[in-house]
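Here the structure comes first, spelled out in structure tokens, and everything after it is commentary.
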Amino acid sequence: MFKTKHDIGSPNYNLNTPKIPPKALPQSPPLTSPRSFSRAEHRSFTMLKPSLSGSISRAHTPKPSTPLPLKSILKGKTSPPRDSYESDGEVAAAKKGSRNNVYTVPNSPPQHAHLGPMKGPALNLHWKLLPYHPKRSKRFLHFDVAFPTHDIEFRQNSSYGVQRTSLSDADFDKSAADEKLVKMTINFQRGPFEWDIDVKRDKGIRVRDVFEAIYAAFDAPLTPHEKSLIPHHRRAVYEEAFRLRCKLAAGLPIVEQRKGWKRVDMLLHETLFRGLTQPKSGGDWVLNLSGSVPVYDR
């Protein structure tokens, strides 16, 4: 209708109808050439649509992720897994403590470890316990370990023969060393036999204690194991030494024979005390026995 009133060629043209001038439309920016989407862009665009709509409807709650173990910068070493609640300070303290433990001295020895006994300082024994020497020993001591200690005596050659003097209680009660000694170990080895003689006294070991310990060690009967160590071809020799000792005993020979073989019979006829020596300073002492009186140049 609006067109017929303003068009001059139209039969409904009205001269009084005002004419509206045409208005130019704003120019739009030039369009770029259309570009088709690639398959990757199209796929990403279609995958983003549901996530966008879902984010509007409800908030997305992220799930806690499990922390991965820290990788050490040292080659060939991996760090242990770290808990999520440990702080950096706790981790650093743990690493520092582990490094310090490398240089910590253990409080106890390793398993199967063998530690030798502690050796005491070297001691000077009383001259009665040492091997006889004319420049050191005051008199010659005769001690046959096959007989009790009350038979120990001093012997000295004279123009009237051999003078014999029994030891007094004062001689027996002399201190065994120049310092107080409460424990000592004496080793003896002869053939297949090896025995240790332990001497103990809390108030200090005396000369008497050493002599009595030696006599008691050899007066003990042979054990079944010790009898098994005797070679078969040597049994007759030990039997002879056994019968001789029983014959010289203070009691009846038949009584001694019933007691059977003793350790002293394994010494055969080498039963004379020749003093104690110490091969290693501060170590155990060694018992020396022989069957004859030593000869020294005077």
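Everything numeric in this text was worked out from a predicted model, so none of it was measured.
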### Query
Given the rule in the side chain to side chain contact (heavy atoms under 4.5 Å, CB included) test, do L181 and V199 qualify, once you have shown the distances and angles that lead to the verdict?
CA-CA 10 Å; L181 183 64; V199 188; over 6 Å; no
### Task
Any chance you could measure L141, atom CG, to R274, atom CZ, to the nearest 0.5 Å?
9.0 Å
### Query
Centre of F188's six-membered ring, under 6.0 Å away, within 45 degrees of the axis: is that where NZ or CZ of R190 sits?
no
### Task
On the 0 to 90° scale, with breaks at 30° and 60°, tag the F218-W195 ring pair as parallel, tilted or perpendicular.
perpendicular
### Shortest non-hydrogen contact from L244 toward H269
CD2-CE1, 3.4 Å
### Spatial distance of atom CD (Q257) from atom CZ (R245) [nearest 0.5 Å]
9.5 Å
### Task
Please confirm whether the backbone N or O of G275 pairs with a side-chain atom of N288, one donor and one acceptor, at under 3.5 Å?
yes
### Query
Less than 4.5 Å apart, any side-chain heavy atom of H133 and any of W127?
no
### Query
Within a reach of under 6.0 Å around CG of D202, are more than 12 heavy atoms found that belong to other residues, nucleotides or ligands?
no
### Query
Taking atom CG of D171 and atom NE2 of H126, what is their separation to the nearest 0.5 Å?
8.0 Å
### Query
Any sub-3.5 Å donor-acceptor pair from Q278's side-chain atoms to G283's backbone N or O?
yes
### Query
Is a side-chain donor or acceptor of Q189 paired with a backbone partner of G191 at a separation under 3.5 angstrom?
yes
### Query
Atom CZ in R139, atom NZ in K128: separation rounded to 0.5 Å?
8.0 Å
### Message
Would L222 and D265 count as a side chain to side chain contact (heavy atoms under 4.5 Å, CB included) here? Give the steps.
### Response
CA-CA 9 Å; L222 286 178; D265 299 323; over 6 Å; no
### Minimum heavy-atom distance S137-P131, with the two atoms named
OG-O, 3.9 Å
### Query
In terms of heavy-atom contacts, does CD of E239 have more than 12 from other residues, nucleotides or ligands at under 6.0 Å?
yes
### Message
Show the nearest heavy-atom pair for residues F143 and I214, with the distance to one decimal.
### Response
CE2-CG2, 4.3 Å
### Message
Count I, L, V, M, F, W, Y as connected when their side-chain heavy atoms are under 4.5 Å apart, and connections chain through other members. Are L125 and V286 then in the same cluster?
### Response
no
### Query
Is L167 close to R208 at the side-chain level, that is, under 4.5 Å between some pair of heavy atoms?
no
### Query
Between V207 and S175, what is the shortest heavy-atom contact and its length?
CG2-O, 4.2 Å
## Note on the structure
Interatomic distance, CG@L276 vs CG@D284, rounded to 0.5 Å, equals 11.5 Å
### Query
Can you find a heavy atom in the side chain of M266 that is under 4.5 Å from one in the side chain of Y238?
yes
#### Entry: Member of K259, K262, R263 meeting the side chain to side chain donor-acceptor pair (under 3.5 Å) criterion with D219
K262
#### Entry: Spacing of C246 atom SG and R243 atom CZ [to the nearest 0.5 Å]
8.0 Å
### Query
Should F147 and L267 be counted in the same cluster of Ile, Leu, Val, Met, Phe, Trp and Tyr side chains packed under 4.5 Å apart?
no
### Task
Could you tell me which non-hydrogen atom of F172 sits nearest to which non-hydrogen atom of I152, and how far apart they are?
CE2-CD1, 4.2 Å
### Task
May I ask whether F193 and F273 are part of the same hydrophobic cluster, defined by side-chain heavy atoms of I, L, V, M, F, W, Y residues being less than 4.5 angstrom apart, directly or through others?
yes
### Query
Between the main-chain N or O of D209 and the side-chain N or O of R206, is there a donor-acceptor pair closer than 3.5 Å?
no
### Short side-chain to backbone donor-acceptor contact, T223 and E226, under 3.5 Å
yes
### For the student: nearest non-hydrogen atoms of M184 and W285, plus distance
CE-CD1, 3.5 Å
### Query
Quick one: does D151's side chain get under 4.5 Å of D144's, heavy atoms only?
no
### Message
Would a single hydrophobic cluster contain both L248 and V237, if residues Ile, Leu, Val, Met, Phe, Trp and Tyr are joined by side-chain heavy-atom contacts under 4.5 Å?
### Response
no
### Query
Would you say R136 has more than 12 foreign heavy atoms packed within less than 6.0 Å of its CZ?
yes
